[in-house]
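A quick write-up on the structure given underneath.
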Amino acid sequence: MTEYARVRLKKGKEKRVLLGHPWVYRTDVEVLRGPADPGDVVLLENHRGKPLALGYYNPNSVIAVRVLTQNPKERIDRDFFLRRIQQALELRLKLFREATTNAFRVVFAEADLLPGLIVDRFASLLVVQFLTLGMERRRGDIVEVLEDLLHPGGIYERSDVEVRKKEGLEECVGWILPGGSPEVVIKENNLAFFVDVARGQKTGYFLDQRENRLSLRRYVQGARVLDCFSYTGGFAIHAAAFGAKEVLGLDISESAVALARENARLNRLEDRVRFEVADVFEALRELLKKGERFDLVVLDPPAFVKGKEALEGALRGYKDINLLAMKLLVPSGILVTCSCSYHFSEELFLEVLQEASQDAGRRLQILERRGQAQDHPVLVGYPESRYLKCFILRVL
Ligand code: SAH
């Protein structure tokens with residue numbers, strides 16, 4: 001058995017680990033015994049020296065250890081990553097057997113017991129993100145395993161994320177396995193979407209909203225729909241395909257709007273969906289001033305709350321758009337409102353909605369309380385894995 005350096009926890013700090021949380025903060029560590037380079041696997045032990053888990057170590061990050069396995073005897077080698085990725089893939093193959101969708105998250109980092117690794121599949125292409133030093137150091141094995149298991153037509157890296165800085169890593173973008181054009185057409189819920197894995201936001205497309213987009217089906221028949229923060233048209237195009245008579249999508253990004261228009265044409269829905277470049281905060285006010293009304297409004301803003309700080313301003317932002325959207329809805333109109341900020345809890349979100357409804361002079365019924373798509377599993381013991389909230393409300 002390999003002799004790993006040992007990271008001893010302070011007294012009382014083992015409980016979280018035993019309950020399944022994969023993060024050990026630097027401040028929870030009593031001492032490191034034995035030599036360990038940043039990124040090395042270490043053995044985590046309680047304050048009495050009892051082995052608890054294996055994880056990888058980064059003394060330069062606030063999160064000093066990320067747990068890979070709660071079995072201290074497991075070997076962390078290429079085969080370990082093969083088993084883990086296989087286990088993740090098994091779920092997705094079950095979920096997407098019907099072939100109405102060929103784009104999904106293959107690996108959702110900590111929630112798939114692979115801290116710091118994101119793998120998305122877009123038709124024949126894979127997009128990967130190595131978010132931590134520990135994963136970065138294992139990229140060779142991981143890429144090999146992905147090739148063996150999925151035989152992708154190309155692997156593109158999108159490690160251009162802020163969190164890498166906290167790990168002492170540079171951003172890294174480009175082909176790992178050359179795959180020709182970075183623009184692919186994917187199928188989602190039997191609709192087609194262009195995804196640009198090189199220039200798109202995050203890994204190119206927001207897969208976590210797939211099931212929420214599908215849930216529009218019951219509410220949009222003959223409806224006039226407003227899709228705010230429409231990006232490349234996910235919600236808008238679903239709405240039109242499900243029978244909305246008129247859909248307007250708004251996004252501040254010109255390239256996103258351009259691709260959204262192409263997506264409307266791709267699905268032959270351009271007669272019913274239009275997209276405009278606009279700042280949603282301003283556009284909602286203007287629409288209201290003009291006396292426009294909608295049967296259904298979607299709000300899917302970017303994460304306003306990035307950390308525990310800056311909550312105040314973010315709350316105002318959420319309240320503002322939700323209040324305006326409520327005012328724009330016809331009586332009994334439907335509001336589909338989302339937040340992808342983990343630090344903005346569901347309870348807090350509801351409070352904000354309540355305040356907004358009070359100011360708007362409208363009552364709210366919760367029709368659906370939704371989260372992220374199933375290929376973004378929520379790991380019990382790791383609350384950070386449930387980040388996306390989506391309420392479907394009737395606004396009376
Ligand atoms: N609903 C989309 C995903 C939205 S991601 C989908 O289903 O795919 C958030 C989007 O908000 C991004 O496309 C970003 O360009 C846009 N955005 C950010 N700030 C904005 C603002 N003030 N007004 C309009 N769009 C904004």
- Message: Has Arg199 got a side-chain atom pairing as donor or acceptor with Ser255's backbone, closer than 3.5 angstrom?
- Response: no

- Task: Among Asp375, Asp208, Asp120, find the one that has a side-chain hydrogen bond (donor to acceptor under 3.5 Å, both in side chains) with Arg105.
- Result: Asp120

- Message: Distance alone, cut at 3.5 Å: any donor-acceptor contact between the side chains of Gln209 and Tyr231?
- Response: no

- Validation row: Asp148, Leu82 side chains within 4.5 angstrom (heavy atoms): no

- Item | Stepwise side-chain contact (heavy atoms from CB on, under 4.5 Å) test for Asp295 and Val225 | CA-CA 6 Å; Asp295 302 298; Val225 173; 6.0 Å; no

- Message: Does the plane of the ring in Phe122 sit parallel, tilted or perpendicular to the ring in Tyr205? Use 30° and 60° as the thresholds.
- Response: perpendicular

- Under 4.5 Å between side-chain heavy atoms, hopping through other hydrophobics if needed: is there a path connecting Val62 to Leu44? no

- Task: Report yes or no: do Glu167 and Thr132 form a side-chain donor-acceptor pair below 3.5 Å?
- Result: no

- Message: For the backbone of Trp23 and the side chain of Arg16, can you confirm whether one donor and one acceptor N or O come within less than 3.5 Å of each other?
- Response: yes

- Between Phe349 and Phe344, how do the two ring planes meet: parallel, tilted or perpendicular, split at 30° and 60°? tilted

- Output yes when a side-chain donor or acceptor of Glu110 lies under 3.5 Å from a complementary backbone atom of Pro115, and no otherwise. no

- Message: Side chains of Ser181 and Glu183: any donor to acceptor distance under 3.5 Å?
- Response: no

- Message: Tell me if a side-chain donor or acceptor on Glu211 pairs with a main-chain N or O of Gln374 at a distance below 3.5 Å.
- Response: yes

- Task: Work out which heavy atom in Leu32 is nearest to a heavy atom in Ala36; give both atom names and the distance.
- Result: CD1-CB, 4.2 Å

